[in-house]
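Below: the structure, in structure tokens.
Below, each value reflects all heavy atoms present in this structure, side chains not excepted, and no hydrogens, waters or symmetry copies. Atoms within a ligand are numbered from 1 in the order they appear, just like the ligands themselves.
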Amino acid sequence: MALLLLLLLAIPALCAPQTLTPQHTTTPPQHWTPLSRAPPSHPLQLQIILHQPNISLLHSRLLAVSDPLHEEYGQHLTKSEVDDLAAPGEESVRAVEGWLRDAGLSHRAQRTRGGISLLLPVSEADPLLGAEYTLFQHLHTREGIARTLSYSLPPALHAHIRAIQPTTIFARPLAMHSPPRVRPLQVLANTLQTGDSDVTQPTCEPNVTPACLAQMYGTRGYTPAGDERLGITGYLGQNANLEDLQRFYQAFATDAQGSSFTTVLVNGGENNQTLSAAGTEANLDVQYSGALTFPLENIFYSTAGSPPFLPDPSEQENTNEPYAAWLEYMLGLEDQELPGVVSTSYGDDEQSVPEGYARAVCDQFAQLGARGVSLLFASGDAGVGPAENECYSNSDGRKMFVPDFPASCPWVTSVGATTGDPEIAASFSGGGFSNYFPRQEWQDSAVEAYLSTLNGSYAGMYNSSGRAYPDVSAQGQNYVVYVSGQPGLVDGTSCSTPTFASIILLLNDALQQQSKPRLGWLNPWLYGRGKAGVGDVSVGRNPGCGTAGFGAGRGWDPVTGLGTPRFGLLREVLGV
Ligand SMILES: *[C@@H]1O[C@H](CO)[C@@H](O)[C@H](O)[C@H]1NC(C)=O
Ligand SMILES: *[C@@H]1O[C@H](CO)[C@@H](O)[C@H](O)[C@H]1NC(C)=O
Ligand SMILES: *[C@@H]1O[C@H](CO)[C@@H](O)[C@H](O)[C@H]1NC(C)=O
Ligand SMILES: *[C@@H]1O[C@H](CO)[C@@H](O)[C@H](O)[C@H]1NC(C)=O
């Protein structure tokens, strides 16, 4: 009897295979060459992100609590308030669960905050999604990934599903620094001089150290006293080495010697302490934020995921999409567990992230912002874009500057790079305009003032109605770091981001001393009162795409944003 019932239940699915209609289709992306069909056994951890009926309500609450002119300013939402506003609709959950049940995949499915996670091999994902998972190899880096150029859903599900990834996403989190390994120190003069934090005028030339940043940005002599915490994200197996940290402290931050960061391993991440396995990005991030914010706690979140590899049938690792795993972890933390500031020095071309998925991820950043977390992201290291022959739109082939994601998400604060003293723009400083996210009101006057100075140059190369970035900047060239026991130099918005994030953390500390709320999502405040607390950088350009790029100018510009931090002025603005 039971068997008969089971057979009867199975019949509709067997008799009438559902027609599928495309949910997302992409053209073969730049730099990736298809090699062959993906191995049938290759595992995929699919994230099905469901429709969130009240997400626009979350956006308006976030705007309200982050706007200093609003009566709700600083009244950040609790986890349960955010969870309610961001919850997937019940109807959508039922529809998708029913679909997976009919496909016999319920046992592979798991509820997540944003929807459903589904672990299945390519051989089952292909028919379920009308997909054709293929191995693609990157032309320059030789990395490989299994992706499909389109995927489809039963028509009735389109309204319920925002995105399913990894399907058509070709982005990976790239560390925003160069060179990949540190370059040798050329000049030791100021480096040795600033090694002693008692020296009177540490300078950021020729090399940058924590002492010169503290001098330049005005945090020198400020002693944090509260329990605010800074989060640092690590991806792609980047290890933050404890021994290197102590060498760095011994040379450049003697106060902090013996202290360390807390490591949190997300989703099976690791932090391999073999000296030769130290990561330049991770070391840079923990060394500078640790020195600049001592004695406040820094948390290094290492999220699992190797650099994309060429899967072979015996390979059981999956090409998980890493932001999803980190966000799932963070959004599940209780309010008192969340750090107030998080620095992320990773990103990739906006157009390598499908728009629906970029929006869904950006909305997850919004959830953290609503709970009072300031998210700082590197603006990218390729100016307005890479080489001229790589600056075109994947979708229609037109010539264009190439914006970066997550820097282009309006709910994060994007950090560009400067160099020298007095500061000028670093030529690699990523900046531009999103093609996905419209500009929000808090940016209007600053950005329109800049656009009017362009006199129409580059028309059609950038989206003048898009979210403009970076928002701010900080020194990003010639940072001294220790990697695998040796000091060396690195450049990048990867340097600028933990520096700016550290200063926001110190501001949160000063606010905490007076029982005032954290800064949370920074942008409406920054473009309003906050801009009185930054130093304008108006010289330099960010060339790319065979052009001279945008020019820095008075006020906001798409090279250095509003400018670099002035801690004393920022405290005055905040009245702390
Ligand atoms: C969305 O908001 C409406 C009205 O505020 C509420 O009735 C509904 O339960 C909310 N939906 C979810 C999924 O929270
Ligand atoms: C740590 O890294 C080293 C050097 O790359 C490697 O030999 C070792 O197997 C790694 N350890 C673990 C536990 O992965
Ligand atoms: C420009 O940005 C707007 C607002 O985000 C968007 O609607 C539009 O599609 C974008 N245009 C192009 C060509 O990408
Ligand atoms: C735009 O025109 C003004 C006035 O002629 C000039 O000063 C400025 O340099 C021009 N800007 C650009 C980017 O060409």
Side-chain angles (χ1 to χ4, degrees), residues 24 26-27 56 59 180-181 234 236-244 263 265 268-280 282-283 302 304-307 309 316-317 349-360 362-363 384-385 391-411 425 431-444 447-469 483-485 538-543 545 547-559:
H24 187 252
T26 184
T27 45
S56 56
H59 294 162
R181 302 293 296 178
L236 300 183
Q238 277 273 339
N239 301 309
N241 190 277
L242 299 164
E243 201 179 318
D244 281 333
T263 302
L265 305 179
E270 46 185 305
N271 193 24
N272 188 330
Q273 288 304 305
T274 304
L275 198 56
S276 65
T280 305
N283 272 15
S302 176
S306 339
F309 58 99
Q316 280 314 297
E317 218 170 333
D349 296 351
E350 184 184 67
Q351 65 173 344
S352 62
V353 187
E355 181 166 353
Y357 188 66
R359 288 186 181 286
C362 185
D363 281 343
V384 291
C391 293
Y392 58 85
S393 156
N394 259 351
S395 53
D396 59 19
R398 94 199 129 78
K399 211 168 173 261
M400 67 167 203
F401 293 154
V402 182
D404 250 68
F405 181 81
S408 67
C409 165
W411 310 119
F433 300 80
S434 173
N435 289 316
Y436 291 169
F437 301 99
R439 187 170 73 221
Q440 296 188 357
E441 202 183 323
W442 40 266
Q443 265 196 319
D444 278 347
V447 175
E448 275 162 17
Y450 179 81
L451 290 175
S452 68
T453 69
L454 282 177
N455 306 335
S457 38
Y458 304 137
M461 296 279 288
Y462 69 94
N463 193 328
S464 59
S465 67
R467 183 270 201 265
Y469 72 94
V483 181
S484 302
S538 55
V539 177
R541 309 189 68 87
N542 58 354
C545 300
T547 74
F550 292 116
R554 280 192 54 200
W556 182 87
D557 55 68
V559 195

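At least one donor-acceptor pair closer than 3.5 Å links the side chain of Arg439 to the backbone N or O of Ser464.
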Please determine whether side-chain contact (heavy atoms from CB on, under 4.5 Å) holds for the pair Phe433 and Val447, giving the CA-CA distance in whole Å, both sets of side-chain angles, and the decisive distance to 0.1 Å.
CA-CA 10 Å; Phe433 300 80; Val447 175; 3.9 Å; yes
What's the verdict on salt bridge (charged side-chain N to carboxylate O under 4.0 Å, His left out) for Arg467 and Glu350, showing C-alpha distance, side-chain angles and the deciding distance?
CA-CA 12 Å; Arg467 183 270 201 265; Glu350 184 184 67; over 6 Å; no
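Annotation for ligand 3: atoms under 4.0 Å from non-hydrogen atoms of Ser465 are 1 (C), 2 (O), 3 (C), 4 (C). The ligand atoms of ligand 4 that sit less than 4.0 angstrom from a heavy atom of Asn455 are 1 (C), 2 (O), 3 (C), 8 (C), 10 (C), 11 (N), 12 (C), 14 (O). For ligand 2, the atoms lying closer than 4.0 Å to a non-hydrogen atom of Glu270 are 14 (O).
Considering backbone and side-chain atoms together, Asn272 places an N or O closer than 3.5 Å to an N or O of ligand 2. Annotation: Ser434 places no N or O atom under 3.5 Å from an N or O atom of ligand 3; distance criterion only.
Of the protein's non-hydrogen atoms, the one nearest atom 5 (O) of ligand 3 is Pro438 N, 3.2 Å. For atom 9 (O) of ligand 3, the nearest protein heavy atom (residue, atom name, distance) is Asn435 O, 4.3 Å. Looking at atom 13 (C) of ligand 3, its nearest protein heavy atom turns out to be Arg398 NH2, 3.4 Å.
When non-hydrogen atoms are compared, ligand 3 lies under 4.0 Å from the side chain of Asn463 (C-beta onward) but not from its backbone. Neither the backbone nor the side chain of Met400 comes within contact range of ligand 3; no heavy atom lies under 4.0 Å.
Ring centers of Tyr462 and Phe550: under 6.0 Å apart, within the cut-off. Taking the ring centroids of Tyr436 and Phe405, they lie at or beyond the 6.0 Å cut-off.
Seen from the ring of Phe437, Arg359 counts as a face-on cation partner, given the 6.0 Å and 45° thresholds.
Between Gln238 and Thr280, the closest heavy-atom pair is OE1-N, 3.5 Å. Contact record, Val483 with Ala278: CG1-O, 4.0 Å, taken as the closest heavy-atom pair.
Distances shorter than 4.0 angstrom occur between a heavy atom of Tyr436 and an atom of ligand 3.
Distances from atom 7 (O) of ligand 4 to the protein include no heavy-atom value under 4.0 Å. Atom 2 (O) of ligand 2 lies below 4.0 Å from at least one non-hydrogen atom of the protein.
Checking Asn239 against Asn272 by side-chain atom types alone, no donor-acceptor pair falls below 3.5 Å.
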